[in-house]
J.: 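Take a look at the following structure, please.
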There are 2 protein chains.
Amino acid sequence: MYELGTKKSTIRTIFEYGRQRAAEVGEENIFDFSLGNPNVPTPEFVRDAAIDILRNCPPEQVHGYTVAPGNPKVREALAESLNKRFGVHFSGKNIFVTSGAAAAITICFKALAEPGDEFITFAPYFPEYKVFVESVGAALKVVPPSPNDWQIDFDAFQKMLNANTKAVIINSPNNPSGAVYSKETITKLTAMLKHQFNQYGRRIFLISDEPYRELAYGVEVPWVTDYWWNTLVCYSYSKSFSLPGERIGYIVVPNGVDDFDKIFGAIAGAARVLTHVNAPSLWQLVVARCAGKSVDITPYERNGKLLYDGLIAAGFECVKPQGAFYLFPKALEADDYAFCERAKKYDLLLVPGADFGAPGYFRAAYCIKTETIERSLPLFKKLADEYRG
Amino acid sequence: MYELGTKKSTIRTIFEYGRQRAAEVGEENIFDFSLGNPNVPTPEFVRDAAIDILRNCPPEQVHGYTVAPGNPKVREALAESLNKRFGVHFSGKNIFVTSGAAAAITICFKALAEPGDEFITFAPYFPEYKVFVESVGAALKVVPPSPNDWQIDFDAFQKMLNANTKAVIINSPNNPSGAVYSKETITKLTAMLKHQFNQYGRRIFLISDEPYRELAYGVEVPWVTDYWWNTLVCYSYSKSFSLPGERIGYIVVPNGVDDFDKIFGAIAGAARVLTHVNAPSLWQLVVARCAGKSVDITPYERNGKLLYDGLIAAGFECVKPQGAFYLFPKALEADDYAFCERAKKYDLLLVPGADFGAPGYFRAAYCIKTETIERSLPLFKKLADEYRG
C-alpha cells in the first residue's frame, strides 16, 4: 500500500516539475501537456441544475442516502437517455450509478475476478488498469500497440486469449492515443470473443470504459452492447460535463448479460467492499436532469487540429486524433523518456508513451489554452530541428 | 461478491417490510425505528455555502480533480477547525479527505492490514466492520458487550489481545448503543494497549470511528489522539450536517503516529486501490467553509429523552443514551429476533441486537418525527403488557 501511495506516476512528476518551473520562469513560459484535466468549463446548465436542486428540493431528498445502485428515478432517467441516443432498450434496473469511471471499472473487475483470471487490454492503455486489476487478484495482459492507426493488433490479441481470460477491457475514444475503435474493429473483436467462447465454453466479458464517449470528432463511437451480449459499459461525467472532481458515473448491465441477477448482485457486492455506499447524491440528481444534453466539444476539436497540424508541419509522425483530448505522436528517438527529457529544455512537458505501454511515443494532452498550443508550435519545431541536426 | 451484494441486511429487510406495510395501512400507522438516516434537515448554512460556491467560484476550481488527500486549503481548514475545538496542533498534512466514514475506516484497514492480522472491536458494533475488515484479508475479533453501561468489558478485551492484534476499532458515540466512551474508558483502554505494546513490541493502532462526534448530549466525547499516539480518527459529515448521500469525511493522521510518512503513504495507496481518486470536490469546499459551525442537535436529544422515558415507563430496561440517535434496550425475551417479530404486530419496526453482536437487545433509531415517537409509546406499553401476560 505504501508503494502504491507514494510512488509518483510519471505524469504527476512531470506536472509537479511544471508547477516548479512555472514559479521560476512564469506560467506563460511553460507548455504543460501532461494532465488530462478538462479545461472546457462545466456547462452552465449543469451548474444551474445543481443550484436549482439545492434551492428547491427538500434537503433530505437531495442529501439522504440513496440505495446502493442509485436513486431509482436517476437510474430510469439515465437509461432513458441511453435509449434515445443509441436506440437501445434499457430501464433503471440496467444502471448502477457509481463514483466515476475509476470506481465503475474496478467494481466490474472485482465483481468478475476469480483466482487465476486474466483481463486483457490493448496498448496504449490507462496505467491505472494494472493497479486496479491486480488489486482484485487478477492479472492484466496487455496486447502490444498497433501504431499505424491505434486500432487492434488482432494476431497479438489472439495469442493472448486463453481459458483464463475473464474479460477484455477497451477504452474508446482512447486515452492516450485519441483513436476511436471503428465498427470494423468492434465487429472483429467480438467475433474473436465468440470464437473463443465456442472453443473454451467460458463466457468472456467486454468492459467498455467510455469516459470520452462524447468527445469524438466526426466519427461514430459504436455502442458496444449491440455487438456483444456480455458487455459492461462504464461511463463517467468527468470529461463530458467537466466534473472530474465530483466523481459521478455509472455501469450499464444489459439484460442480455449471462446470469444478469448474479452479475448485478456481484456488482453490488463489489461496490460494497469498495465502500461505495452510494454515488454522491446531489450529483446523481444533477446528471439525471442533464443526461443527454449536448456539450460543446469544439474547443477540444480546434485544439486537437491545431496541435496535430503544427506537429505534422514540424515533421512529427502522428495518427490523426478522432476523439478524447490527446495526441500520441512518435517520439523523435527510440527512447521516449530521453525524448521527453530533451523536450523539457523548451519547457514542453510531455508524457513518455512507455507509461501507457507504448514505448517510442509520447502523449500530449491538448485540454489546455489554445493560445498555449499556438505559442508551443515554434518550440516543437525547434525541438524537431535539433533532432534533425 | 454475489452474496455480499444480494444478502439483504436485517435492517434493510425490516425497512422494506415497513415500506410495504405503509402502502397497506398508511404511513401514519407505521412506527419505523429501523434506519439511521438523519431527519434533521441539512443546515441552511451548508446549503447556502454550496450555492455560493457554485455561483461565484470558477467551475474548474470547484469541479476539477483535487490531489488524492484533498484540496490543500480544505485540509488546512479542517485541521484548523480541529485545533480550535480540541486544542490540538494539526496542519493540512494530517488530514486525508475521504468519501465519508465507510471509506475512511476501510482505507485505514487496508493501509494497515498484513496477512494474519486481527482487528478488535466491541459489541455492540456496526456490522459493516466485519465486511470491511475481512475484505482487506484480516480477521475481526469482537469483544462481548458490557450491557450495564455499554462501556468496555476489559477482562474480555484483555483475552483477545495477542501478537496478531493490528488495531482496535472504537465507535463513540456508539451505533447502536448510544453510549459515549468516558475519559476513564479511553484511559484504561489505552493503558492496556501500552501494556500490550510493551509485552509484544508490536505497535497497535486505535481507529476511532466518529461520525456521531457532534451528537452527544451533555457529555464530553474525549479526543482520542490525546490518549494514544497511534490513533487514526475517521470522521464523516453524514450525521452532523445531514449529508449522508454526499459522501464526505476525513481521516486524521497525527504527526505522532509511528512512521508517519509510511502510514500516510499507505493510506494514499489504500485509497488508490479503493478507487478513491478524490473526495467529491464541491463538498470538500463546502465542509471546509462550514467546519466547526455548530449544529442544532436538540431535536435528537428531545426524541431520545421522549423515547427513553416512554420505554422506561412501559417497563423496558435501557441504558440512558448519551449520544448518536439510537436506543438499545433489552428485549422482553431472550430471543431478540422473536421479540422484534412480535413488535411487528403493533407495527413497531425494531432491529434485533444480534445483528450488532449483542443478542437479547434491540435497536430503536429515534432520528424520526417526534410525533411518531409520541404515538408509538402506547404501543410499546401494549407490547410490554403482552409479555407480562
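Basis for what follows: all heavy atoms, side chains included, without hydrogens, waters or symmetry-related copies. What you are looking at is a predicted structure, and each value in this text was computed from that prediction instead of being measured. Letters A, B, ... are given to chains in the order of the sequence lines, protein chains preceding strands, and every chain is numbered from 1.
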J.: With chain B, which of A/G100, A/A102, A/A111, A/P58 has the greatest number of heavy-atom pairs at distances under 4.5 Å?
T.: A/A102
J.: With chain B, which of A/A68, A/G64, A/P41, A/A113 has the greatest number of heavy-atom pairs at distances under 4.5 Å?
T.: A/G64
J.: Checking A/A279 against chain B: side chain, backbone, both or neither under 4.5 Å from a heavy atom?
T.: backbone
J.: To see if you've got the definition right, give the donor-acceptor pairs under 3.5 angstrom between chain A and chain B.
T.:
{"from": "A/L4", "atom 1": "O", "to": "B/R272", "atom 2": "NH1", "distance (Å)": "2.8"}
{"from": "A/H63", "atom 1": "O", "to": "B/G245", "atom 2": "N", "distance (Å)": "2.6"}
{"from": "A/H63", "atom 1": "ND1", "to": "B/E246", "atom 2": "OE2", "distance (Å)": "2.7"}
{"from": "A/Y65", "atom 1": "OH", "to": "B/K239", "atom 2": "NZ", "distance (Å)": "3.1"}
{"from": "A/E128", "atom 1": "OE1", "to": "B/R272", "atom 2": "NE", "distance (Å)": "3.0"}
{"from": "A/E128", "atom 1": "OE2", "to": "B/R272", "atom 2": "NE", "distance (Å)": "3.2"}
{"from": "A/E128", "atom 1": "OE2", "to": "B/R272", "atom 2": "NH2", "distance (Å)": "2.5"}
{"from": "A/K239", "atom 1": "NZ", "to": "B/Y65", "atom 2": "OH", "distance (Å)": "3.1"}
{"from": "A/G245", "atom 1": "N", "to": "B/H63", "atom 2": "O", "distance (Å)": "2.6"}
{"from": "A/G245", "atom 1": "O", "to": "B/N278", "atom 2": "ND2", "distance (Å)": "2.9"}
{"from": "A/G245", "atom 1": "O", "to": "B/S281", "atom 2": "N", "distance (Å)": "2.9"}
{"from": "A/G245", "atom 1": "O", "to": "B/S281", "atom 2": "OG", "distance (Å)": "3.4"}
{"from": "A/E246", "atom 1": "OE1", "to": "B/S281", "atom 2": "N", "distance (Å)": "3.3"}
{"from": "A/E246", "atom 1": "OE1", "to": "B/L282", "atom 2": "N", "distance (Å)": "3.1"}
{"from": "A/E246", "atom 1": "OE2", "to": "B/H63", "atom 2": "ND1", "distance (Å)": "2.7"}
{"from": "A/E246", "atom 1": "OE2", "to": "B/S281", "atom 2": "OG", "distance (Å)": "3.1"}
{"from": "A/E246", "atom 1": "OE2", "to": "B/L282", "atom 2": "N", "distance (Å)": "3.1"}
{"from": "A/R272", "atom 1": "NE", "to": "B/E128", "atom 2": "OE1", "distance (Å)": "3.0"}
{"from": "A/R272", "atom 1": "NE", "to": "B/E128", "atom 2": "OE2", "distance (Å)": "3.2"}
{"from": "A/R272", "atom 1": "NH1", "to": "B/L4", "atom 2": "O", "distance (Å)": "2.8"}
{"from": "A/R272", "atom 1": "NH2", "to": "B/E128", "atom 2": "OE2", "distance (Å)": "2.5"}
{"from": "A/N278", "atom 1": "ND2", "to": "B/G245", "atom 2": "O", "distance (Å)": "2.9"}
{"from": "A/S281", "atom 1": "N", "to": "B/G245", "atom 2": "O", "distance (Å)": "2.9"}
{"from": "A/S281", "atom 1": "N", "to": "B/E246", "atom 2": "OE1", "distance (Å)": "3.3"}
{"from": "A/S281", "atom 1": "OG", "to": "B/G245", "atom 2": "O", "distance (Å)": "3.3"}
{"from": "A/S281", "atom 1": "OG", "to": "B/E246", "atom 2": "OE2", "distance (Å)": "3.1"}
{"from": "A/L282", "atom 1": "N", "to": "B/E246", "atom 2": "OE1", "distance (Å)": "3.1"}
{"from": "A/L282", "atom 1": "N", "to": "B/E246", "atom 2": "OE2", "distance (Å)": "3.1"}

J.: Which value, rounded to the nearest 0.5 Å, describes the distance between A/L282 atom CG and B/L54 atom CG?
T.: 7.5 Å
J.: Strictly by ring pair (Phe, Tyr, Trp, His ring centres under 6.0 Å), give each pair with a member in residues 34-62 of chain B just once, sequence neighbours left out.
T.: B/F45-B/F241
J.: With A/A268, which residues qualify under side chain to side chain contact (heavy atoms under 4.5 Å, CB included), at least two apart?
T.: A/F96
J.: Against chain B, label A/A270 side chain, backbone, both or neither, depending on which of its atoms sit under 4.5 Å from a heavy atom there.
T.: both
J.: Residues two or more places apart in sequence or in another chain: which of them pass side chain to side chain contact (heavy atoms under 4.5 Å, CB included) with B/A77?
T.: B/A288
J.: Measure distances from A/V67 to the heavy atoms of chain B and classify the residue's part below 4.5 Å as side chain, backbone, both or neither.
T.: side chain
